[in-house]
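Since the structure is predicted, the reported quantities are computational estimates derived from the model, not experimental observations. Scope of the values below: all heavy atoms of this structure, side chains included, with no hydrogens, waters or symmetry mates.
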Amino acid sequence: MKIIRSATHFGSSKKASLEICRQVLIKKDSVLGFATGSSPMEIYKYLIQYYKEGLVTFKQVTAFNLDEYVGIEKTHPNSYAYFMKDNLFSHIDIDINKCNIENGLADDLEKECENYEKAIDSAGGIDLQILGIGTNGHIGFNEPSDKISAKTHIVKLTQSTIDSNSKYFSDMQMPTKAITMGIASIMKAKKIILIASGKEKAQAIYDSVYGEITPKMPASILRLHPDVSVYVDDEAGKFII
Ligand code: GLP
């Protein structure tokens, strides 16, 4: 695990966005794994800027998103599908037909999970996966647990995740279930970038970097991956360096 510290979240986001650009410049038809939440938002702003400045094109990129809430329309502003369109996809030249996200409204959710996993494999696997981290160490929606859920699966969200994310839901009750890529789906990515900012993430970062490798702290499992870069600002990295 490589730790890359910057004074501010903007610094971390800029460095991480340059790594993503490098990936796309080296391999134009890269498969990128995207994340939602506040952590990657500045990265997306930089990617939009670099695209507009002509530094990079996403025309041939295929995208897979980590997770989506169950029971929410794609067009609802709180869906992760909407988030990705609003914060990235509609501002760059990516082909929207190549932007994949789990369908949380599928009639057969189990089948949806299976198909999603197959779609990642048939695209050749993810070249670079972007991750945030929950205050409880979750990645995607892989919540702390006694066992690892390897593949894309349905998850019941923990109270701490509901407490953290319900502030975004003003006109509806926050869903209590989600579909998420599993730990193995994430670990299969060739390269992983995790970005964290703010003091509320400091303990999860410390535990993931130095603590026991355990599904109770899902991000700690990333230490078993050969190419992970963790971008932290001073606050999120305060216990580790
Ligand atoms: C959500 C997402 C995660 C994200 C996490 C942290 O639960 N499913 O992918 O990493 O929240 O969110 P934030 O970046 O807003 O702190």
Side-chain angles (χ1 to χ4, degrees), residues 4 9-69 72-106 112-113 115-132 139-140 152 179-181 185-195 225-229 231:
I4 299 148
H9 182 51
F10 293 105
S12 297
S13 304
K14 187 164 191 174
K15 287 179 196 165
S17 64
L18 287 169
E19 194 168 336
I20 298 162
C21 282
R22 195 173 54 164
Q23 170 66 43
V24 177
L25 289 171
I26 291 170
K27 187 179 175 219
K28 286 193 171 58
D29 60 348
S30 286
V31 179
L32 300 182
F34 286 105
T36 49
S38 55
S39 308
M41 275 176 75
E42 293 304 322
I43 294 183
Y44 299 158
K45 285 187 192 156
Y46 280 116
L47 294 181
I48 294 166
Q49 182 191 324
Y50 299 147
Y51 160 68
K52 289 193 170 155
E53 289 171 353
L55 264 64
V56 66
T57 168
F58 297 90
K59 251 187 193 134
Q60 295 182 47
V61 163
T62 300
F64 284 93
N65 253 81
L66 271 175
D67 47 15
E68 179 59 285
Y69 291 111
I72 188 165
E73 297 282 348
K74 275 185 178 22
T75 48
H76 191 281
N78 285 123
S79 73
Y80 285 163
Y82 186 97
F83 175 100
M84 287 310 300
K85 255 195 176 164
D86 198 35
N87 287 291
L88 183 64
F89 296 155
S90 64
H91 305 284
I92 57 174
D93 62 348
I94 198 164
D95 177 355
I96 203 70
N97 298 314
K98 288 197 208 151
C99 296
N100 302 282
I101 187 154
E102 298 92 332
N103 177 8
L105 283 175
E112 172 65 15
C113 294
N115 289 343
Y116 200 72
E117 198 69 35
K118 278 189 200 150
I120 296 174
D121 292 341
S122 12
I126 292 171
D127 292 302
L128 187 155
Q129 175 67 54
I130 302 157
L131 294 176
I139 47 177
T152 302
I179 304 187
T180 182
M181 276 164 54
S185 337
I186 294 170
M187 293 291 277
K188 273 194 297 189
K190 294 171 191 90
K191 188 183 217 10
I192 298 174
I193 282 180
L194 184 148
I195 183 151
H225 189 283
D227 191 355
V228 180
S229 299
Y231 290 85

Residue pairs meeting side-chain hydrogen bond (donor to acceptor under 3.5 Å, both in side chains), one or both in residues 29-40, sequence neighbours left out, come to Q23-S30
Taking [Y]'s backbone N and O only, do any of them form a donor-acceptor pair with [X]'s side chain (distance below 3.5 Å, no angle check)?
| X | Y | value |
| --- | --- | --- |
| N87 | F83 | yes |
| E117 | T152 | yes |
| E42 | F10 | no |
| D67 | I179 | no |
| D93 | F58 | yes |
| E102 | Y116 | no |

Inset, instruction - Would you sort out whether I186 and L66 count as a side-chain contact (heavy atoms from CB on, under 4.5 Å), showing the intermediate values? - result: CA-CA 8 Å; I186 294 170; L66 271 175; 3.9 Å; yes
Looking only at non-hydrogen atoms, find the nearest pair between [X] and [Y] and report the distance.
| X | Y | value |
| --- | --- | --- |
| E112 | N103 | OE2-N, 2.8 Å |
| S17 | Y46 | OG-CB, 3.3 Å |
| A16 | I43 | CB-CD1, 3.7 Å |
| T75 | S79 | N-OG, 4.4 Å |
| S12 | Y231 | O-CD2, 3.7 Å |
| K85 | H91 | O-CD2, 4.3 Å |

[X] [atom1] to [Y] [atom2] distance, which is reported to the nearest 0.5 Å:
| X | Y | atom1 | atom2 | answer |
| --- | --- | --- | --- | --- |
| I193 | I20 | CD1 | CD1 | 4.5 Å |
| M181 | F64 | CE | CZ | 9.0 Å |
| N65 | M84 | CG | CE | 4.5 Å |
| K45 | L88 | NZ | CG | 12.0 Å |
| E68 | N100 | CD | CG | 13.0 Å |

Under 3.5 Å, side-chain donor or acceptor atoms of residues 120-131 against the rest of the protein: list the pairs with distances, not counting sequence neighbours.
{"unit_1": "D121", "atom_1": "OD1", "unit_2": "K188", "atom_2": "NZ", "d": "3.0"}
{"unit_1": "S122", "atom_1": "OG", "unit_2": "K118", "atom_2": "O", "d": "2.7"}
{"unit_1": "D127", "atom_1": "OD1", "unit_2": "K27", "atom_2": "NZ", "d": "3.2"}
{"unit_1": "D127", "atom_1": "OD1", "unit_2": "K190", "atom_2": "NZ", "d": "3.4"}
{"unit_1": "D127", "atom_1": "OD2", "unit_2": "K27", "atom_2": "NZ", "d": "2.8"}
{"unit_1": "D127", "atom_1": "OD2", "unit_2": "V31", "atom_2": "N", "d": "2.8"}
{"unit_1": "Q129", "atom_1": "NE2", "unit_2": "G33", "atom_2": "O", "d": "3.4"}

Would you call [X] and [Y] a side-chain contact if the rule is heavy atoms closer than 4.5 Å?
| X | Y | value |
| --- | --- | --- |
| C21 | L55 | no |
| E73 | L105 | yes |
| Y50 | L18 | yes |
| S229 | E19 | yes |
| I101 | Y80 | yes |

Across all chains, not counting sequence neighbours, the ring-ring contact (aromatic ring centres under 6.0 Å, His included) partners of Y44 are F34
